[in-house]
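Values below: all heavy atoms of this structure, side chains included; hydrogens, waters and symmetry mates excluded. Model, not experiment: these values are computed from the prediction.
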Amino acid sequence: MRDPGLQPERTRLAWRRTTLAFTVAAVLAGRQTMGDDTGAAGVVAAALTALVWLGFLLVAHHRIRALGAGPRPGVLSERGALAAVVCTAALAAFAVAMVL
């Protein structure tokens with residue numbers, strides 16, 4: 001017999017792990033700007049990284065709440081999925097901009 005509560009719980013935990021990994025990546029990217037040789041582009045990239053991190057945090061928080069709402073949570077909306085993908089791609093782009 002299958003327990004209907006296990007799959008949403010695993011997905012909720014996966015979103016939490018992903019949020020933690022995103023936070024670590026954003027902190028490490030921001031740490032790159034702490035050096036003396038960082039230019040204006042690096043500082044702007046760090047600020048944009050913080051903004052993207054907040055956007056991803058918002059998407060993840062909504063999804064985690066939705067997964068905990070009931071036994072059969074709804075599917076992730078297209079808008080939420082697109083926002084998560086854009087935030088992830090932007091984080092990678094800003095991290096590269098900080099290194100250059």
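The distance from the CZ atom of Arg12 to the CZ atom of Arg65 is 12.5 Å, given to the nearest 0.5 Å. The CG atom of Leu48 sits 4.5 Å away from atom CZ of Phe94, with the distance rounded to the nearest 0.5 Å. In this structure, CG on Leu91 lies 10.0 Å from CG on Leu28, to the nearest 0.5 angstrom. Between the CD1 atom in Ile64 and the OG1 atom in Thr19 there is a gap of 4.5 Å [rounded to 0.5 Å]. Separation of atoms CZ (Arg63) and CZ (Arg16) is listed at 13.5 Å; rounding is to 0.5 Å.
In this structure, Leu54 is a member of the same hydrophobic cluster as Val59, with clusters built from ILVMFWY side-chain heavy atoms closer than 4.5 Å.
In this structure, the side chains of Cys87 and Trp53 stay at 4.5 Å or more apart for every pair of heavy atoms. The side-chain heavy atoms of Phe56 and Thr18, taken from C-beta on, include a pair separated by under 4.5 Å.
Evaluation of the side chain to side chain contact (heavy atoms under 4.5 Å, CB included) rule for Thr11 yields Gln7, Trp15, Leu67 as partners, not counting sequence neighbours.
Chaining together hydrophobic side chains whose heavy atoms lie under 4.5 Å apart places Val86 alongside Leu82.
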